[in-house]
**Q** 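Dumping the structure here so I can ask a few things about it.
These values consider heavy atoms only, across backbone and side chains, with no hydrogens, waters or symmetry-generated copies.
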Amino acid sequence: MAFGQNRSNYVRIQANGSTVGRCGSNMDTDPSPSNVKMLTGISEEMLKQKNVESVLFGGKRIGEQSNFEKLDWFAGELVLEHQRGVAE
């Protein structure tokens, strides 16, 4: 999550270069079962990794949560935000 201390409803998911580099140039347009399987495996590994947050003017910080846990929290925050907006 970018600028973790700000706690806004912003999240950025980015693969590192070593993961993307081995996929090939047509990875996002190739619908073949083998490509889908490869991309699914890469995404599952990315979700298991520790979350890395950018700290404004402070570099990066490795979080306590995995990317999956962070996305799950973020989804919950969006649901709450939506519910508050509907209730008003």
**Q** Got a sec, which residues hit side-chain contact (heavy atoms from CB on, under 4.5 Å) with Asp30, two or more places apart in sequence or on another chain?
**A**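 side-chain contact (heavy atoms from CB on, under 4.5 Å) list for Asp30, sorted by chain: Asn26, Ser32, Asn35.
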**Q** Could you list the residues that satisfy side-chain contact (heavy atoms from CB on, under 4.5 Å) with Lys37, not counting sequence neighbours?
**A**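 Result, side-chain contact (heavy atoms from CB on, under 4.5 Å) vs Lys37: none returned.
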**Q** For the CD atom of Glu77 and the NE2 atom of His82, what is their distance to the nearest 0.5 Å?
**A**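 Answer rounded to 0.5 Å: 15.0 Å.
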**Q** Okay, side chain of Glu44, backbone of Gly41: is any donor-acceptor separation there less than 3.5 Å?
**A**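 Not at all, since once roles are kept as given, no pair shorter than 3.5 Å links the two residues.
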**Q** Are the side chains of Ile62 and Asn51 in contact, using a 4.5 Å heavy-atom criterion?
**A**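 The answer is no, as the side chains (C-beta and beyond) never meet within the 4.5 Å cut-off.
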**Q** Can you tell if the side chain of Val79 reaches within under 4.5 Å of the side chain of Glu81, non-hydrogen atoms only?
**A**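 A side-chain contact is absent here, since even the closest heavy-atom pair is not under 4.5 Å.
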**Q** State yes or no: do Val36 and Leu47 share one hydrophobic cluster built from I, L, V, M, F, W and Y residues joined by side-chain heavy-atom distances below 4.5 Å, directly or via other members?
**A**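 Val36 and Leu47: separate clusters.
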**Q** Counting only N and O atoms by type, is there a donor-acceptor contact under 3.5 Å from the side chain of Asn67 to the main-chain atoms of Met46?
**A**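 Such a contact is found between Asn67 side chain and Met46 backbone.
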**Q** State plainly whether the residues Lys50 and Glu64 are in salt-bridge range, i.e. N to O under 4.0 Å.
**A**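 Here Lys50 does not pair with Glu64 in a salt bridge, since their nearest N and O are not under 4.0 Å apart.
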**Q** How long is the gap from NZ on Lys70 to CD on Gln65, to the nearest 0.5 Å?
**A**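 Reported value, rounded in 0.5 Å steps: 5.0 Å.
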**Q** For Glu45, which residues count as a salt bridge (charged side-chain N to carboxylate O under 4.0 Å, His left out) partner, sequence neighbours excluded?
**A**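 Testing Glu45 for salt bridge (charged side-chain N to carboxylate O under 4.0 Å, His left out), a comparison that skips the adjacent residues, returns Lys48.
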